[in-house]
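Worksheet: one structure, shown below.
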Amino acid sequence: MANLDAQAEKYLQALNQMPPIHTMDHKTVREMLSKAPQPPIESEVLSKVEDWMIPVSKDAEIKCRVYIPEGQGPFPLFIYYHGGGWVVGDLESTDPSCRMLAHRMGCIVVSVNYRLAPEHKFPTPVEDAYAALQWVYEKGSSFNGDVSRLIVGGDSVGGNLATVVTIMTRDRKGPSIAAQVLIYPATNLKFDTESHQAFAKGFGLDRELLFWFRNHYLRHKEDKHNGYASPLIAEDVSHLPTAFVITAENDVLRDEGRAYAERLKASGVHVEYACETGMIHGYFANMAFFSKNIERTVSRINEFLRTTDVITNRNTKIKKCKGCLECSLNH
C-alpha cells in the first residue's frame with residue numbers, strides 16, 4: 001500500500017485524468033505543457049535574473065538563466081539541469097525552484113536549457129550539460145561567482161545529467177566540482193528495480209512513459225549500457241564530488257537512486273542519502289502543489305552544502321531532517 005502525502009494524492013487525481021503522454025507525439029506534449037498555468041512567482045528576493053545564450057558547439061548555442069542572490073559575494077555556483085525525460089522541460093518548468101535555491105542558499109544558480117531529444121539524441125544533452133559547466137567555470141567570476149565552489153545538480157534526468165557531468169569532468173580533467181545534488185535521479189536505463197514494478201502506473205511517472213522517454217533519447221539499444229547514459233553501471237565512479245542523493249518514496253526511480261548512492265559510498269565518495277516520505281516523482285518542479293515539500297528539500301540541500309563546507313553559514317533557518325525513511329548512509 002502506497003504511503004502518499006495528501007498533496008501528492010491531489011496532484012495524482014488531476015494528473016491521472018489527463019491523456020497518457022506516451023500515447024502522444026512529443027511535439028504535441030511540449031505544446032500542451034507550455035500552455036499549463038504557471039504558479040505566481042513567490043517573493044524570493046534576488047539581485048538579478050538574467051538569460052544568457054552560450055555556445056555548446058561550433059554551430060549551436062543554448063539558453064541559460066542566471067539567478068543572482070542579494071549580498072556581497074562572491075557566491076558558490078550551482079549549475080542546475082531540469083527534468084523532463086530529455087524530451088520535455090525547459091527553464092520555465094523549474095524557474096520557481098531555482099529562485100528558491102538561489103535565495104535560500106545564497107548561491108548563484110545557473111539553469112541550463114540543454115537541447116532535447118528526439119531532435120538531439122544521446123549524447124547531445126550530455127555534451128550540452130558539460131559545455132554549460134565549462135562556460136560557468138570560465139565566465140562565473142564575471143557575475144560574482146566563486147568558480148572554486150561549483151555545484152552540479154538536477155531533478156530526474158537532470159540528476160542523471162548532473163552526475164554524468166561529474167564523471168566527465170574526472171575523465172576530462174576538469175573543471176573541478178565541489179558537490180553534486182541529485183534529486184530522484186535516473187541512474188540506470190535498464191529499468192529493472194523493485195520500485196519500477198511497485199510504482200509502474202498511477203504515481204506520476206508511469207513505466208510505459210519511461211520507455212517512451214528512453215526510446216526518444218537513445219540512438220540504439222546499446223546506448224543504455226553506456227556509463228554516460230546509465231551512471232549506475234559506469235565502470236568507475238570513484239574520485240567523484242561529494243554527493244547528496246534525494247529520492248521520493250513513491251517513485252519508479254527510487255531504488256536506482258539509492259543504489260547509486262550506495263555505489264558512490266562503496267567507491268569512497270562521501271555521500272548522504274534521503275528519501276522524501278509520501279512524495280512522488282516530479283514534486284521538486286511543481287511549486288503549485290508541493291511548495292512546502294520543495295522548501296523542505298531545499299533546506300536539506302542547504303544543510304548538506306553547509307556541513308560539507310561548500311557554502312558558508314548564512315542567517316537562514318534550517319529545518320532538521322525528520323521523518324524520512326532513510327537519512328544519510330553515513331549515519
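Within 6.0 Å of OH on Y137 lie no more than 12 heavy atoms contributed by other residues, nucleotides or ligands. In K224, the NZ atom is crowded: over 12 heavy atoms of neighbouring residues, nucleotides or ligands sit closer than 6.0 Å. By the 6.0 Å contact criterion, CD on E194 is open, its count of non-hydrogen atoms from other residues, nucleotides or ligands being 12 or less.
Panel note: side chain Q180, backbone P241; a donor-acceptor pair is recorded below 3.5 Å. Looking at R300, its side chain never comes within 3.5 Å of a backbone N or O of E295 through a donor-acceptor pair. Within the 3.5 Å criterion, the main-chain N or O of M24 finds no donor-acceptor partner in the side chain of T28. R214 places a side-chain N or O within donor-acceptor distance of the main-chain N or O of L189, the cut-off being under 3.5 Å.
Side chain to side chain, E119 and H26 meet the donor-acceptor criterion of an N or O pair below 3.5 Å. Side-chain contact, E276 with T297: a donor N or O sits under 3.5 Å from an acceptor N or O. For the residue pair Q7 and N293, no side-chain donor N or O sits within less than 3.5 Å of a side-chain acceptor on the partner. Remark: the H225 side chain and the S230 side chain contain no N/O donor-acceptor pair separated by less than 3.5 Å.
Ring geometry, H281 versus Y184: the interplanar angle falls from 30° to 60°, so the pair is classed tilted.
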Kindly list each side-chain donor-acceptor pair under 3.5 angstrom involving residues 54-62, sequence neighbours excluded, with atom names and distances?
| residue | atom | partner | partner atom | Å |
| --- | --- | --- | --- | --- |
| S57 | OG | D59 | OD1 | 3.1 |
| S57 | OG | A60 | N | 3.3 |

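Using a 4.5 Å heavy-atom threshold, the side chains of L205 and F213 count as touching. In this structure, Y260 and N188 have side chains that are not in contact, with every pair of non-hydrogen atoms separated by 4.5 Å or more.
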- Task: Walk me through it: do H103 and Y67 pass the test ring pair (Phe, Tyr, Trp, His ring centres under 6.0 Å)?
- Result: CA-CA 9 Å; H103 173 66; Y67 303 82; over 10 Å; no
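Taking the charged nitrogens against the carboxylate oxygens, E31 and K35 do have a contact shorter than 4.0 Å, which makes a salt bridge.
When the side-chain contact (heavy atoms from CB on, under 4.5 Å) test is applied to Q72, no partner is found at least two apart in sequence or on another chain.
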